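Being a predicted model, the structure only gives us computed values, none of them experimental. What you see below is based on every heavy atom in this structure, not just the backbone, and it leaves out hydrogens, waters and symmetry mates. Every chain is numbered from 1 and lettered A, B, ... according to where its sequence line falls, protein lines coming before strand lines.
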Protein chains: 2
Amino acid sequence: MGDIQPFLDALDRGGYRLTGPRRAVAGLIAERNGHFSAADLVTDARHDGAEVGRATIFRVLELFAELRVVERIDLPSGAHAYVGCAPEHHHHVVCSRCGRSQEVHDLGIGAIADEVARSTGFHVDGHRLELWGICPTCLLADGSGAPVRSSSRLRGS
Amino acid sequence: MGDIQPFLDALDRGGYRLTGPRRAVAGLIAERNGHFSAADLVTDARHDGAEVGRATIFRVLELFAELRVVERIDLPSGAHAYVGCAPEHHHHVVCSRCGRSQEVHDLGIGAIADEVARSTGFHVDGHRLELWGICPTCLLADGSGAPVRSSSRLRGS
DNA sequence: ATTTTTGCAAATCATTTGCATATAT
DNA sequence: ATATATGCAAATGATTTGCAAAAAT
């Protein structure tokens with residue numbers, strides 16, 4: 001469903017070779033519309049009959065993260081996961097029920113970072129905001145047993 | 001140097017038993033003034049001759065996290081780490097050089113979360129802001145290597 | 001032709017679990 | 001006394017690595 005092009009462009013832009021396995025992983029990511037773990041992709045690949053080894057999946061994921069077309073996030077449970085995304089700086093809201101995620105662009109976090117820098121004396125050079133909740137679709141579907149990927153105790157406000 | 005009391009209070013408040021190993025782990029955490037990994041504590045314990053098994057350290061850490069006197073954070077490298085802290089909701093700025101961390105209280109993030117909720121339709125029920133940078137001490141010490149006690153691996157970037 | 005990538009299997013870490021024993025209430 | 005907590009060692013899981021073979025430029 002998603003487009004593979006952004007991934008290919010990123011590889012090209014970074015001067016990396018456009019290989020079969022990389023196309024395959026890009027495809028697997030594009031097929032998903034929520035977060036996923038490296039293990040998920042390994043399973044998907046095996047299922048789709050794609051010829052991609054586990055190690056390669058980890059390597060491609062790392063590469064894509066470096067190219068910013070994939071972001072490594074953390075679920076409320078503390079587990080690691082990834083989401084495909086546009087390469088500009090941004091953050092995500094991820095649904096605790098179905099895993100769907102959506103990008104959210106800077107809404108004043110930069111100002112907060114500045115404020116923190118001023119009040120603590122730190123030279124703040126990076127930040128990450130993770131937001132969790134229930135997506136519109138799940139809110140509608142409500143009680144019905146919608147697919148859940150990982151739910152655990154939620155942290156935060 | 002840190003105080004053990006807050007940890008003991010938390011245990012009491014939660015109705016958990018005040019055991020030797022728990023005191024020991026609280027002590028190890030209090031001795032640190034930056035983030036640490038579970039493995040760090042295992043090492044510290046062995047070094048200090050404290051009688052605490054690895055499994056227990058993980059269990060106590062999980063318990064403290066649940067009691068909110070410890071927070072599980074993620075380093076820029078993606079590695080998991082913990083920091084001891086006050087039980088109210090807050091966030092941390094962590095120094096990429098020495099690992100020292102400082103709490104920062106809500107500076108308008110709640111408003112941002114509301115804004116995100118309104119614009120995406122998500123029912124936002126949790127968030128976490130992680131800020132990374134260089135702490136005042138390291139800024140002064142600058143290039144010279146005079147950091148605090150180093151925590152496991154602090155892979156750069 | 002050369003350099004980069006892959007796959008595999010083995011190696012590393014991190015974290016968890018079962019279960020008998022020890023301990024705090 | 002009794003429910004909880006601990007230790008150990010083995011079991012899981014996740015991620016990484018060495019290296020020869022395969023593919024992209």
Side-chain angles (χ1 to χ4, degrees), chain A residues 7-28 35-46 48-67 70 72-75 77-82 149-150 152-153, chain B residues 4 7-28 35-46 48-67 70 72-75 77-82 151-155:
Chain A
F7 297 96
L8 307 188
D9 289 345
L11 285 171
D12 187 53
R13 199 181 323 129
Y16 292 97
R17 293 184 179 177
L18 212 183
T19 72
R22 284 174 181 164
R23 280 169 184 284
V25 173
L28 295 176
H35 62 238
F36 54 87
S37 64
D40 288 334
L41 293 195
V42 172
T43 302
D44 289 2
R46 202 158 325 206
D48 290 19
E51 23 33 70
V52 196
R54 183 185 17 263
T56 298
I57 289 187
F58 276 94
R59 288 189 279 232
V60 174
L61 241 18
E62 182 182 11
L63 178 56
F64 281 172
E66 179 190 318
L67 295 172
V70 140
R72 198 169 185 172
I73 63 174
D74 288 281
L75 304 184
S77 70
H80 282 315
Y82 300 83
R149 213 168 294 262
S150 93
S152 297
R153 48 234 163 104
Chain B
I4 309 279
F7 296 97
L8 307 188
D9 289 345
L11 285 172
D12 186 52
R13 197 182 326 129
Y16 291 97
R17 295 185 178 176
L18 213 185
T19 72
R22 284 175 181 163
R23 280 170 185 284
V25 173
L28 294 176
H35 63 237
F36 54 87
S37 65
D40 289 333
L41 294 195
V42 173
T43 303
D44 290 1
R46 203 158 325 205
D48 292 18
E51 24 31 68
V52 197
R54 183 187 16 263
T56 298
I57 289 187
F58 276 94
R59 287 189 279 232
V60 174
L61 240 19
E62 183 183 10
L63 179 57
F64 282 172
E66 180 189 318
L67 295 173
V70 139
R72 198 169 185 173
I73 63 174
D74 289 281
L75 304 184
S77 71
H80 282 316
Y82 299 83
S151 200
S152 43
R153 54 245 172 87
L154 265 192
R155 266 182 286 164

- Between Tyr82(A) and Ile73(A), which heavy-atom pair has the shortest distance, and what is it? N-CG1, 4.4 Å
- Message: In whole Å, I'd like the distance from the CG atom of Leu63(B) to the C1' atom of dT6(D).
- Response: 13 Å
- Sequence neighbours excluded, which residues qualify as side chain to side chain donor-acceptor pair (under 3.5 Å) partners of Tyr16(B)? Glu66(B)
- Here the gap from Leu75(B) atom CG to His35(B) atom NE2, rounded to the nearest 0.5 Å, amounts to 4.5 Å
- Task: Take the protein atom OH of Tyr16(A) and the nucleotide atom C1' of dT3(C), then report the distance between them rounded to whole Å.
- Result: 14 Å
- Go through Phe7(B) and Leu67(B) one step at a time and tell me if the side-chain contact (heavy atoms from CB on, under 4.5 Å) criterion holds. CA-CA 9 Å; Phe7(B) 296 97; Leu67(B) 295 173; over 6 Å; no
Distance-only donor-acceptor pairs under 3.5 Å for side chains of residues 51-65 of chain A, two or more places apart:
none

- Note on the structure: Here the distance between atom C1' of dT25(D) and atom CG of Leu11(A), to the nearest Å, is 14 Å
- In whole angstroms, how far is the C1' atom of dA24(C) from the CZ atom of Arg17(B)? 5 Å
- Check side chain to side chain contact (heavy atoms under 4.5 Å, CB included) between Asp9(B) and all other residues, then give those that pass, not counting sequence neighbours. Gln5(B), Arg13(B)
- End-to-end bend of the helix from dA1(C)-dT25(D) to dT25(C)-dA1(D) (five-pair axes, 10° rounding)? 40°
- Note on the structure: side chain to side chain contact (heavy atoms under 4.5 Å, CB included) filter on Asp48(A), not counting sequence neighbours, yields Leu28(A), Glu31(A)
- Message: Can you measure Glu62(B) atom CD to dT6(D) atom C1' for me and round it to whole angstrom units?
- Response: 15 Å
- When rounded to whole Å, the CD1 to P distance for the pair Ile57(B) and dT6(D) reads 11 Å
- Query: Got a sec? Which of residues 18-27 of chain B come in under 4.0 Å of DNA chain C, heavy atoms?
  - Reply: Leu18(B)
Identify each atom pair where a protein N or O and an N or O of nucleotides 8-11 of chain D are less than 3.5 Å apart, giving names and distance.
none

- Item | Atom-pair distance (CZ on Phe64(A); C1' on dT5(C)), nearest Å | 13 Å
- Message: List the residues meeting side chain to side chain contact (heavy atoms under 4.5 Å, CB included) with Ser37(A), not counting sequence neighbours, and say none if there are none.
- Response: Ala39(A), Asp40(A)
- Please answer whether the main-chain N or O of Gly78(A) pairs with a side-chain N or O of His80(B) as donor and acceptor at a distance below 3.5 Å. yes
- Between dT25(C) (C1') and Asp12(B) (CG): distance, integer Å: 12 Å
- Given dT4(C), dT15(D), dT15(C), which nucleotide is nearest the side-chain atoms of His80(A)? dT15(D)
- Partners meeting side chain to side chain donor-acceptor pair (under 3.5 Å) with Asp44(A) (sequence neighbours left out): Arg32(A)
- Can you tell me how far the CZ atom of Arg23(A) sits from the CG atom of Leu8(A), to the nearest 0.5 Å? 5.5 Å
